[in-house]
Amino acid sequence: MSKLFFDKCIRNQFDTLPSGWAFYALLSDAGYLYAGYTAKLSRKLNFFQNKAEEGGLYGEMWAKAISVEYTIHPLGLDALIHFKAFQAVHVPAYQHRLLPWENYAYLALDANRYPFITVVEHTNDDWQYLGPFRSRFFLADVLDTLSRILKIPYCETGSYPCDKFDKDICRGWCLSLATAQESGAEDGLEKLDALLKEAYLHPENGILELVQKQRDSYFNDLEFTKAALLDDEIALLAMYRDWLNFLYVAKQLEFETDSVRVEGGRIVWCRYKNREYQFPVSATAFRANESLALNLEAVDESRIIYDFKVKHATQV
């Protein structure tokens, strides 16, 4: 394991750290402060340094940190196994106080309730939930894109109908919720329910291909500026499809190798440096409306396991 002593007054000092998946542990004079795994160590340490400027627990921890231990691994699964083994032995001072998933969020759908689709922090109510997603900004972009393409709700005000209906960028589904105006609704809520499920719950819904086709049409017509404007939209929809495919299979991920056993999308046993570790995983009783929802604390681990399974399918 490598070790770096750092000066918190120096900017960009972490940029020369090696790339690749890494296990890391921050230390103070008194011992370990926090440990984790990351796809890019320099980015993670710069995040801690920037976050510390806001104060709070990050500022408190970073003020005590004097060095970082790290090991670069060839695969994300290897870094995860290292972390799980480390966590079984050590309890860093801030490990259970800083939650990397604290800003993750779920999408919630309900065609019969305003605002029809929303971003929430939990799955305690009776909406149809999917997620969590790591970025609220990403979710906002997805909602904006799909609502614009399909003219489905992305309600940003507390009252309805809003100016999106007046501008013809939404079909005014909310009118079906107001009995007095129901006859003025262009489409019923049953159709909205089908559209929401098709847009947000079906990975192969053809929307990505539709945008790609439009982009190619612009390009072939030498309208390069218009084509370029759709590149970000295509990348966004591809990322959403990828995450949705992950959510569909995450809870069913099971396999075993010489160094790890996975059940229900979590590591339940691993071998690291000739020592074996067992990890009991409590079975969450998910409701039917949470079929595509994972526990916040499980999603990062399950994603690494999913990526390993997809990329190394013939080995497991």
Check: Under the ring-ring contact (aromatic ring centres under 6.0 Å, His included) test, which residues partner Tyr104, sequence neighbours left out?
Finding: none
Margin query: Going by the rule salt bridge (Lys or Arg N to Asp or Glu O under 4.0 Å), which residues pair with Glu209 if we only count those two or more places apart in sequence or in a different chain?
Written below: Arg241
Note to self: Would the distance check show the side chain of Asn295 and the main-chain N or O of Glu297 forming a donor-acceptor pair, the cut-off being under 3.5 Å?
What the structure shows: no
Notebook entry, point to check: Distance only, no hydrogens: is a donor on one side chain within 3.5 Å (strictly under) of an acceptor on the other, for Asp125 and Asn289?
Noted result: no
Considering only distance and modelled atom types, tabulate donor-acceptor pairs under 3.5 Å from the side chains of residues 17-29, sequence neighbours left out.
residue, atom, partner, partner atom, Å
Ser28, OG, Ala30, N, 3.1
Ser28, OG, Gly31, N, 3.4
Ser28, OG, Gly31, O, 3.3

Donor-acceptor contacts, no H, no angles, side chain residues 108-119, under 3.5 Å, sequence neighbours left out:
residue, atom, partner, partner atom, Å
Asp110, OD1, Asn112, N, 2.9
Asp110, OD2, Arg113, NE, 3.3
Asp110, OD2, Arg113, NH2, 3.3
Arg113, NH2, Asp126, OD1, 2.4
Tyr114, OH, Thr157, O, 2.7
Tyr114, OH, Ser159, O, 3.3

Next item on the list: May I ask you to test the Gln212-Leu208 pair for a side-chain heavy-atom distance under 4.5 Å?
Entry: yes
Item checked: Tyr200: partners by ring-ring contact (aromatic ring centres under 6.0 Å, His included), with sequence neighbours left out -> none
Notebook entry, point to check: Mind checking whether Phe286 and Leu130 sit in one hydrophobic cluster, side chains of I, L, V, M, F, W, Y counted as touching below 4.5 Å?
Noted result: no
Margin query: My understanding is that only residues two or more places apart in sequence, or in another chain, count here; which of them pass ring-ring contact (aromatic ring centres under 6.0 Å, His included) with Tyr34?
Written below: Phe48
Check: In chain order, what residues pass the salt bridge (Lys or Arg N to Asp or Glu O under 4.0 Å) check against Lys197, with sequence neighbours excluded?
Finding: Asp193
Next item on the list: Taking Lys84 for its side chain and Trp269 for its backbone only, find out whether a donor-acceptor pair lies under 3.5 Å.
Entry: no
Next item on the list: Under the salt bridge (Lys or Arg N to Asp or Glu O under 4.0 Å) rule, collect the residues that match up with Asp232, sequence neighbours excluded.
Entry: none
Checklist line | Pairing residues for Phe14 by the ring-ring contact (aromatic ring centres under 6.0 Å, His included) criterion, not counting sequence neighbours | finding: Phe6
Next item on the list: Can you tell me which residue pairs pass the salt bridge (Lys or Arg N to Asp or Glu O under 4.0 Å) test with a partner in residues 36-45, sequence neighbours excluded?
Entry: none
Check: Can you check whether His202's main-chain N or O pairs, donor with acceptor, with Asn205's side chain at less than 3.5 Å?
Finding: yes
Checklist line | With Glu254 via salt bridge (Lys or Arg N to Asp or Glu O under 4.0 Å) - residues at least two apart | finding: none
Check: Does any pair with a residue in residues 66-75 pass side-chain hydrogen bond (donor to acceptor under 3.5 Å, both in side chains), and if so which ones, sequence neighbours excluded?
Finding: Tyr32-Glu69, His73-His82
